[in-house]
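Right, one structure below, let's go through it.
Along the sequence shown, residues are numbered consecutively beginning with 1.
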Amino acid sequence: MRKKKGIVVLGTVLLLAVAAAGIAGFLLAKKYMPTRERADLQEYFHIEQSDQIPVILDGEIAETKGIEREGHVYFPLEMVKELFNDRFYYDYNEDILIYTMPTELRCAAPGDTGYSLYDNFSSDNKTYEKDYGIPIVLKEEDTIYVEADTFLMDYLYDMGNVQVIHEPERIVMQTIEWLQNAEYAAVTKKAALRKLGGVKSPILRTLEEGETVVVKEVYDNWLEVVTQDGFVGYVQHKRINRSEGEAWECAEAKETPEFTNLVRDKKINLAWHQSTSLEANAKITEILAGTSGINVISPTWFALSDNNGNFTSLGEKWYVDTLHGMGIEVWGLISNFEKDVDTAEVLCYTSKRQYLIRNLIAQSKALGLDGINLDFEQISVDYGEDYIQFVRELSVACRLNNLVLSVDNYVPTGYTAHYNRKEQGVFVDYVIIMGYDEHYSGSETAGSVASIGFVKDGIEMTLQEVPAEKTINAIPFYTRIWKEIQTSDGVVEVSSEAAGMERTENLLKELNVEAEWNEECGQFYAEYELEGATYKIWLENEYSIEEKMKLISENNLAGVAEWKLGFQKNTVWDIINKYLQ
């Protein structure tokens, strides 16, 4: 009996062991067994409301959604500008959507079924240049929407494929560049496309044998792929053949607008003439005596005078006629330096921009000008878009009236990115770098007005966005005489005054101070003590100008500009002309 009882106990133990092993095996298998759970596609595409339409562009699910209205899809304007075409502009003060073409402004207000040209545009009586039969602009609360099915498609010049996919409703889009550069691969065996890499991740959908996907990223055991219907997910390596895969259909690029420019067939040598009175105008022939090679004079004639777009003018036709007789073009400068003028108040209203442009063009034509030089400075990022729209609109008017448009820009920095030099490079004829004011009147420390490194950086950064044949670098004919005084509490007070080349050299001669060449700055440097103060000067002269002209020549720029006429030594002209050959 004892032996039989022992056998029963042993059998029970063995059964329990087998059961435990089975359970352990089951749990282990379950741990590594692929899940069949299906992903929640509403959650995957971040659909929170029934009217939201997700957009998948080049294998990326856009954070912002479109909306559906009466069977049509609309995209938020900010989404359009960020993802597709940033040339759309909306005037929130006058409720106008504008798209700028080379020679016209296409405009629409909320509810309009088509666009009008600005000169035919009014809220009461519109003549549509093209009527789409449905509202192309919607305004809901503070959000502007653009109709995407038809109207927007006319402005997606680089789009290779657009599909509307159902369940859930979404729009899948690929650019031509993305389609052409994609790595296509073939699905070799039916496979699960998972939300994340790993067999426990939910399934987005099943990939069919022979289906083509685009490989986005490669990992050890998984590939991140994009499907034609807009899914971005993960599949195991063993299910994909990366050496095969038929390229997806790609439409031909739409014809893009041609922006013609009045770029001259010679190097530009532009000198600014600071003319603040009619008496200054009268001295133009006198101030040009001894100069050579100048082919453009830009007189500082026009200045914004109020918040409605009016401006003052010192223009005189005899001045223009005189310079034309000397073979010199005249590009009238307009500035925004008046203290009582709020530039934003002018630029943020389409009607005010157009009023300013119409009058500026009329004045330019009456005077016989060859071009306009735009010198709007201290533009805030708050109205940067309004500024670049003004540049676009002014370029249209100049193009229609055969006037050269040049725009003055600071040396590029992160805080001046809103000047949008890239867009300027499309619309305007010349982008001018103001290659000076590295240190200026309000600087807290003394320093060079335009060290060679500063100038070099300005040219190189501008050329990243603007073609060389449209880029002009401006050089200074002045320096700053810096004065440093140390107060009793040890604080150094810094001040400066601008001075021309001859005045600076004469000052150093009078004081018997010898300047020494500074290789790093590409300038002569002088320092002296006088009446308890330290004076520092980084000189501009023939030698520093030559270093800057070398950069202009090496980068094959469109030319040079000089601020300002009358501050130079006339010996600099031979050097400037030498490098413009």
Side-chain angles (χ1 to χ4, degrees), residues 53 55 62-67 69 72-102 104-124 126-132 134-157 257 307 309 342-357 376 379-397 417-420 422-424 426-427:
I53 309 293
V55 176
E63 184 175 338
T64 309
K65 306 290 182 296
I67 60 171
R69 292 292 182 269
H72 293 274
V73 177
Y74 291 82
F75 289 164
L77 177 60
E78 292 308 311
M79 176 186 182
V80 171
K81 292 170 67 173
E82 179 185 354
L83 298 182
F84 304 113
N85 189 328
D86 63 359
R87 197 161 290 161
F88 284 98
Y89 167 84
Y90 197 82
D91 178 342
Y92 287 88
N93 291 309
E94 298 181 336
D95 277 328
I96 309 172
L97 178 72
I98 302 176
Y99 191 86
T100 309
M101 300 293 282
E104 64 188 30
L105 305 181
R106 297 179 177 180
C107 306
D112 284 354
T113 61
Y115 67 79
S116 309
L117 303 187
Y118 184 78
D119 50 7
N120 296 326
F121 184 86
S122 76
S123 57
D124 300 322
K126 297 180 178 123
T127 302
Y128 294 132
E129 291 294 313
K130 184 172 182 179
D131 193 342
Y132 293 85
I134 54 173
I136 61 174
V137 182
L138 297 180
K139 185 176 183 180
E140 296 186 359
E141 297 180 352
D142 293 329
T143 303
I144 305 301
Y145 294 91
V146 177
E147 194 272 332
D149 297 349
T150 53
F151 170 69
L152 182 60
M153 293 303 151
D154 286 345
Y155 302 91
L156 302 187
Y157 304 110
N307 294 343
D342 183 353
T343 305
E345 194 60 27
V346 177
L347 300 187
C348 292
Y349 289 82
T350 302
S351 59
K352 293 182 181 181
R353 292 194 308 272
Q354 286 294 308
Y355 175 76
L356 168 58
I357 290 170
F376 277 18
I379 300 296
S380 164
V381 67
D382 295 336
Y383 59 99
E385 287 193 31
D386 306 293
Y387 167 74
I388 198 62
Q389 181 60 23
F390 173 62
V391 172
R392 293 186 187 114
E393 293 174 9
L394 181 56
S395 82
V396 170
H418 58 281
Y419 279 76
N420 202 340
K422 183 177 181 180
E423 189 76 339
Q424 288 186 38
V426 173
F427 278 85

Minimum heavy-atom separation for [X] to [Y], with atom names?
X    : Y    : result
P76  : G66  : CD-CA, 4.2 Å
Y92  : E78  : OH-OE2, 4.0 Å
A108 : G114 : CB-O, 3.7 Å
R353 : D386 : CD-O, 4.1 Å
I98  : C107 : CG1-SG, 3.9 Å
A148 : M153 : O-CE, 3.0 Å

What orientation do Y118 and F121 show, parallel under 30°, tilted 30 to 60°, or perpendicular over 60°? parallel
Could you tell me whether the side chain of [Y] reaches within less than 4.5 Å of the side chain of [X], counting heavy atoms only?
X    : Y    : value
T127 : S116 : no
L356 : F390 : yes
I388 : F427 : no
D149 : I134 : no
F84  : V146 : no

Backbone N or O of [Y] within a donor-acceptor pair of the [X] side chain at under 3.5 Å?
X   : Y    : result
N93 : C348 : yes
H72 : P135 : no
D91 : T350 : yes

Between Q389 and T100, does a side-chain hydrogen bond (donor to acceptor under 3.5 Å, both in side chains) hold up when you go through it step by step? CA-CA 8 Å; Q389 181 60 23; T100 309; 3.0 Å; yes
Tell me every residue that passes salt bridge (charged side-chain N to carboxylate O under 4.0 Å, His left out) with [X], counting only those two or more places apart in sequence or in another chain.
X    : answer
E423 : R87, R392
E345 : K352
D342 : none
K130 : D154

Rounded to the nearest 0.5 Å, what separates atom [atom1] in [X] from atom [atom2] in [Y]?
X    : Y    : atom1 : atom2 : answer
N307 : L347 : CG    : CG    : 10.5 Å
T113 : D131 : OG1   : CG    : 3.5 Å
I357 : S395 : CD1   : OG    : 8.5 Å

Test V55 against M79 for side chain to side chain contact (heavy atoms under 4.5 Å, CB included), laying out the working first. CA-CA 10 Å; V55 176; M79 176 186 182; 3.2 Å; yes
With sequence neighbours excluded, give me every salt bridge (Lys or Arg N to Asp or Glu O under 4.0 Å) pair touching residues 104-114. E104-R106, D112-K126
Please list, chain by chain and in numerical order, all residues satisfying ring pair (Phe, Tyr, Trp, His ring centres under 6.0 Å) with [X], sequence neighbours excluded.
X    : result
Y89  : none
Y387 : Y419
Y349 : none

Going through the checks in order, is the side-chain hydrogen bond (donor to acceptor under 3.5 Å, both in side chains) test met by S351 and E94? CA-CA 8 Å; S351 59; E94 298 181 336; 2.5 Å; yes
Does the side chain to side chain contact (heavy atoms under 4.5 Å, CB included) test come out yes or no for K422 and N420, once each step is laid out? CA-CA 5 Å; K422 183 177 181 180; N420 202 340; 4.0 Å; yes
For the ring pair Y115 and Y99, is the centre-to-centre distance below 6.0 Å? no
Is the distance between the ring centroids of F88 and Y90 under 6.0 Å? no
As a quick check of understanding, evaluate side chain to side chain contact (heavy atoms under 4.5 Å, CB included) for L83 and F75, giving each step before the final call. CA-CA 11 Å; L83 298 182; F75 289 164; over 6 Å; no
When you look at Y157 and N85, which way does the side chain to side chain contact (heavy atoms under 4.5 Å, CB included) test go after all the steps? CA-CA 9 Å; Y157 304 110; N85 189 328; 3.9 Å; yes
How would you list, by chain and number, every residue that makes a side chain to side chain contact (heavy atoms under 4.5 Å, CB included) with [X], sequence neighbours excluded?
X    : result
E385 : K81
E140 : I67, R69, L138, Y145
K65  : H46, Q52, P54
Y355 : N310, R358, N359

